[in-house]
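Numbers restart at 1 for each chain; the letters A, B, ... are given by sequence-line order, proteins then strands.
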There are 2 protein chains.
Amino acid sequence: MKETRLGEFEEVLLLLVGILGDEAYAFKIAEEFESQTQRAVSIGAVHSTLNRLSEKGFLTSEMGNSSPERGGRRKRIYTITATGRRVLIEARDFKTSLWEQYPGFANG
Amino acid sequence: MKETRLGEFEEVLLLLVGILGDEAYAFKIAEEFESQTQRAVSIGAVHSTLNRLSEKGFLTSEMGNSSPERGGRRKRIYTITATGRRVLIEARDFKTSLWEQYPGFANG
DNA sequence: TCATTATATTCTAAATTGTAGAACTAATAT
DNA sequence: ATATTAGTTCTACAATTTAGAATATAATGA
């Protein structure tokens, strides 16, 4: 894997960051993932993937202010970069193009 | 990874098998992959992924007849299973649903 | 203010996927 | 028979995915 590619889970998390906007921090992302997939995910899985995505330049992040809630460490808020968005769009378009070539599944 | 999931490369190969129909054998698949992606892929990568996909029940395969061409070993022809098709559709629909929730990218 | 509790991130390790290429097999033309 | 071509199998390693323990931080109540 010489090149910076986008794995399956990575793609979903990137999309989730885009969807969550300024609420995009690991715990929230994990919650959202579970509610959208009915699949359990460990918080560690989410964190390490978010890190990798940052190293690849698809995400940036900064610590947010402490919340007004009970307790808790400050959140790290993730933001998708222009490169991240581009890669996401490329992945989507490529799949779409493959589906269009699949006999009997042209629409869906 | 307790469950049988579908990785990124796996998904693409599965789709390619569907597209190639009765011409879906490793060499052809590799060729098709390269022509559709402008990305080099090793034949070994394709074979081992095809095997994994078969173990997961997403593909079946059988040896074809020897071709009328110059030389060569008999081809192993892959066919997508009902389960494979279902998993593929699920993956597509999930991504589509995420894109629809992405503000500013509703269409495309 | 200090222990407690809740919220999160970081760190460590292991399983699964992704990738490459050498070794091997079989058919045909010469 | 042997060289050539087409293709699969086998072996090994790198990257991604996953889980969970350890740690840090903030708010609250005594």
Taking the side chain of [X] as its heavy atoms from C-beta onward, which of [options] lies nearest to it?
{"X": "Arg52(A)", "options": "dT18(D), dA20(C), dG18(C)", "answer": "dT18(D)"}
{"X": "Lys75(B)", "options": "dG7(D), dA27(C), dT18(D)", "answer": "dG7(D)"}
{"X": "Ser42(A)", "options": "dT18(D), dT17(D), dT19(C)", "answer": "dT18(D)"}
{"X": "Phe9(A)", "options": "dA27(C), dT17(D), dT19(C)", "answer": "dT17(D)"}

Just the table, please: protein N/O against nucleotides 10-14 of chain C N/O, every pair under 3.5 Å.
residue	atom	partner	partner atom	Å
dT10(C)	OP1	Arg76(A)	NE	3.3
dT10(C)	OP1	Arg76(A)	NH2	3.1

Side chain to side chain donor-acceptor pair (under 3.5 Å) involving Ser61(B) - partner list, sequence neighbours excluded: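 Arg76(B).
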Side chain to side chain donor-acceptor pair (under 3.5 Å) involving Glu23(B) - partner list, sequence neighbours excluded: none
Give the rounded distance in Å between these two atoms: [atom1] of [X] and [atom2] of [N].
{"X": "Arg39(A)", "N": "dT18(D)", "atom1": "CZ", "atom2": "C1'", "answer": "10 Å"}
{"X": "Leu50(A)", "N": "dT16(D)", "atom1": "CG", "atom2": "P", "answer": "15 Å"}
{"X": "Glu62(A)", "N": "dA8(C)", "atom1": "CD", "atom2": "P", "answer": "17 Å"}
{"X": "Ile77(B)", "N": "dG7(D)", "atom1": "CD1", "atom2": "P", "answer": "10 Å"}
{"X": "Leu53(A)", "N": "dT18(D)", "atom1": "CG", "atom2": "P", "answer": "13 Å"}
{"X": "Arg74(B)", "N": "dT8(D)", "atom1": "CZ", "atom2": "P", "answer": "12 Å"}
{"X": "Arg5(B)", "N": "dT16(D)", "atom1": "CZ", "atom2": "C1'", "answer": "12 Å"}
{"X": "Glu55(B)", "N": "dT9(D)", "atom1": "CD", "atom2": "C1'", "answer": "13 Å"}

Please table the atom pairs, donor to acceptor, closer than 3.5 Å between any side-chain atom in residues 8-22 of chain A and protein atoms at least two apart or in another chain.
residue	atom	partner	partner atom	Å
Glu8(A)	OE1	Lys95(B)	NZ	3.3
Glu10(A)	OE1	Gly7(A)	N	2.6
Glu10(A)	OE1	Lys56(A)	NZ	3.1
Glu10(A)	OE2	Arg52(A)	NH1	2.5
Glu10(A)	OE2	Lys56(A)	NZ	3.1
Glu11(A)	OE1	Lys95(B)	NZ	3.4

Go through the structure and list residues passing side chain to side chain contact (heavy atoms under 4.5 Å, CB included) with [X], not counting sequence neighbours.
{"X": "Thr79(B)", "result": "Thr60(B)"}
{"X": "Glu90(A)", "result": "Arg86(A)"}
{"X": "Thr96(A)", "result": "Arg92(A), Glu100(A)"}

Heavy-atom side-chain contact between Leu98(B) and Phe94(B) under 4.5 Å: yes
Heavy-atom side-chain proximity of Arg39(B) to Arg5(A) below 4.5 angstrom: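 Yes, at least one pair of side-chain atoms sits under 4.5 Å.
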Strand-adjacent residues in residues 20-35 of chain A, judged by heavy atoms under 4.0 Å from DNA chain D: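 By residue number: none to list.
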Sugar-phosphate, base or nothing in reach of Val46(B), heavy atoms under 4.0 Å: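 Touches nothing.
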Apart from Ile77(A) itself, residues in the same hydrophobic cluster as defined by side-chain heavy atoms under 4.5 Å: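 Tyr25(A), Phe27(A), Ile43(A), which link up through side-chain heavy atoms under 4.5 Å apart, make up the rest of the cluster.
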